[in-house]
Amino acid sequence: MAEFSLNQIDLNLLRTFDVLMRERSVTRAADRLGRTQSAISHSLGRLRDVFKDDLFTREAGIMEPTARAKELAEVISQALHEIRVAVDRHLNFDPTTTSRNFRIGLSDYTAVTYLPELIENFSMLAPNASLNVVHAREPDALGSLKNREVECAVLGNPKLDAEHFEVVELSRDRMVCAGWTGNPAMTDMSLDRYLASPHLQISADGIAAGVADITLQKLGLHRKVVATIPHYLVAPWVIKGTELISAFGDGVLLALSEESETAIVPPPLELPDVTISLIFDRSNELDPGHVWFRNLIKDVSDRQRTLKQGVYERLEL
């Protein structure tokens with residue numbers, strides 16, 4: 001029976017299963033594979049016959065994998081990845097003609113700083129390829145990389161302890177202090193005024209202490225955090241018209257608009273830089289497509305560094 005089942009499977013069938021596991025939707029899987037929904041449903045029927053299992057059940061309108069599907073996914077996803085890498089390594093990768101799909105994990109901070117230029121450059125240099133951006137928090141990033149849900153991630157201050165992953169430092173972002181231009185504290189930001197002001201903390205989980213809190217704690221000091229939010233781009237609009245101040249990496253400077261009326265000053269105490277790192281599985285190190293994509297990310301990082309220097313000069317920081 002095992003031999004018979006294997007003879008009924010081709011690579012496209014396994015690819016369909018892999019995409020269904022990722023998308024959990026026949027419609028989205030059909031769009032991603034460039035096939036009809038009917039064809040995907042037919043392939044799913046063949047897969048169910050081969051593996052003698054439903055593979056997916058529908059719960060609250062969502063396709064949920066069965067226990068056997070989850071077990072198969074670990075093996076099939078890894079096998080397909082290794083096949084693709086092996087083929088790519090022996091073919092000349094050309095970004096202008098490739099239709100390859102790239103998947104990257106970005107935190108909220110790195111999305112703000114990298115995403116606009118990364119997408120612009122990617123679409124210009126690889127017009128037939130596609131780029132999927134996945135929100136990646138540090139606790140989840142390692143799992144996403146291991147499960148091949150993303151092929152690389154760009155995170156701030158990562159503390160990943162993983163033997164098979166490479167961590168490449170892209171930049172070190174300086175911490176700055178932000179507030180509304182009408183806030184009198186922004187014209188003379190002393191340590192006393194900083195500590196007396198109400199603070200807005202940007203925190204993905206709303207619980208973890210910020211860089212400023214950790215630094216102040218070491219000095220035996222404390223700031224007054226009145227609210228936390230998960231998104232950097234929201235901060236200027238929350239601060240506008242208030243006495244709230246916030247601290248974040250200078251990568252956000254490139255996303256600030258004049259309409260936000262945000263003033264930027266150096267913090268009144270020395271805060272550690274935000275280290276931005278590119279993380280990827282070492283098995284991808286020689287993959288020509290992956291090398292190209294990593295270099296594209298590095299080019300964006302270099303460009304960001306130059307642009308930030310111009311902002312510093314304009315703001316006289």
Side-chain angles (χ1 to χ4, degrees), residues 22 32 34 80-138 140-142 144-158 160 162 164-173 232-233 249-255 273-311:
R22 296 175 188 274
R32 184 167 169 184
L80 289 173
H81 172 75
E82 291 178 356
I83 290 171
R84 179 180 59 78
V85 170
V87 172
D88 283 348
R89 284 178 179 173
H90 292 87
L91 294 177
N92 293 322
F93 175 81
D94 185 353
T96 63
T97 59
T98 185
S99 59
R100 179 168 164 175
N101 172 253
F102 293 85
R103 296 175 69 87
I104 183 173
L106 296 175
S107 65
D108 183 66
Y109 177 76
T110 54
V112 167
T113 56
Y114 280 74
L115 205 49
E117 188 167 354
L118 179 62
I119 290 180
E120 180 181 4
N121 293 353
F122 180 92
S123 60
M124 178 180 63
L125 297 173
N128 300 311
S130 59
L131 175 63
N132 295 131
V133 180
V134 177
H135 178 65
R137 292 174 55 241
E138 185 178 318
D140 308 322
L142 195 57
S144 297
L145 288 163
K146 285 181 177 178
N147 296 332
R148 310 288 182 181
E149 295 171 3
V150 297
E151 52 192 299
C152 64
V154 179
L155 301 174
N157 292 335
L160 302 178
H164 302 293
F165 291 91
E166 192 73 26
V167 180
V168 179
E169 183 178 309
L170 295 174
S171 66
R172 289 180 178 266
D173 292 1
Y232 284 85
L233 280 182
D250 61 12
V252 180
L253 294 180
L254 301 178
D273 294 340
V274 179
T275 302
I276 307 299
S277 298
L278 170 64
I279 307 156
F280 61 92
D281 193 315
R282 290 195 180 102
S283 66
N284 288 324
E285 193 164 11
L286 300 179
D287 177 347
H290 201 275
V291 171
W292 172 82
F293 189 48
R294 296 200 309 265
N295 287 334
L296 182 65
I297 296 169
K298 292 176 184 176
D299 289 343
V300 170
S301 179
D302 293 341
R303 170 72 172 160
Q304 298 289 309
R305 191 179 301 112
T306 301
L307 292 174
K308 282 191 294 185
Q309 186 57 43
V311 174

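Source: prediction; values computed, not measured.
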Can you confirm whether [X] sits close enough to [Y] that some side-chain heavy atom of one is under 4.5 Å from a side-chain heavy atom of the other?
| X | Y | answer |
| --- | --- | --- |
| Leu254 | Thr113 | no |
| Ser301 | Ile276 | no |
| Glu151 | His81 | no |
| Ile279 | Pro158 | yes |
| Glu82 | Ser283 | no |
| Asp287 | Phe93 | no |
| Asp299 | Asn121 | no |

Grab the two heavy atoms, one from [X] and one from [Y], that are nearest each other, plus how far apart they are.
| X | Y | value |
| --- | --- | --- |
| Ala136 | Leu155 | O-CD2, 3.4 Å |
| Gly289 | Arg100 | CA-NH1, 3.5 Å |
| Gly249 | Val274 | CA-CG2, 4.3 Å |
| Val168 | Lys298 | CG1-CE, 4.3 Å |

Give the intermediate values and the outcome of side-chain contact (heavy atoms from CB on, under 4.5 Å) for residues Leu286 and Val291.
CA-CA 7 Å; Leu286 300 179; Val291 171; 5.9 Å; no

Parallel, tilted or perpendicular: which one describes the rings of Phe122 and Trp292, with boundaries at 30° and 60°?
tilted

Are the charged groups of Arg294 and Glu166 less than 4.0 angstrom apart, N to O?
no

Using residues 101-109 as the side-chain source, report each donor-acceptor pair under 3.5 Å to any protein atom, sequence neighbours left out, with the distance given to one decimal.
residue: Asn101; atom: ND2; partner: Ser130; partner atom: OG; Å: 2.8
residue: Asn101; atom: ND2; partner: Asn132; partner atom: OD1; Å: 2.6
residue: Arg103; atom: NE; partner: Glu149; partner atom: O; Å: 2.6
residue: Arg103; atom: NH1; partner: Asn132; partner atom: OD1; Å: 3.3
residue: Ser107; atom: OG; partner: Thr110; partner atom: N; Å: 3.2
residue: Ser107; atom: OG; partner: Thr110; partner atom: OG1; Å: 3.0
residue: Asp108; atom: OD1; partner: His231; partner atom: ND1; Å: 3.2
residue: Asp108; atom: OD2; partner: Tyr232; partner atom: N; Å: 2.6
residue: Tyr109; atom: OH; partner: Asp173; partner atom: OD2; Å: 2.5
residue: Tyr109; atom: OH; partner: Gly251; partner atom: N; Å: 3.0

Are more than 12 heavy atoms from other residues, nucleotides or ligands located less than 6.0 Å from atom CZ of Arg303?
no

Do the side chain of Thr98 and the main chain of Asp94 share a donor and acceptor less than 3.5 angstrom apart?
no

Treating Asn157 as the side-chain partner and Thr275 as the backbone partner, does any N or O pair qualify as donor plus acceptor under 3.5 Å?
yes

According to side-chain hydrogen bond (donor to acceptor under 3.5 Å, both in side chains), who are the partners of Arg305, at least two apart in sequence or on a separate chain?
Asp302

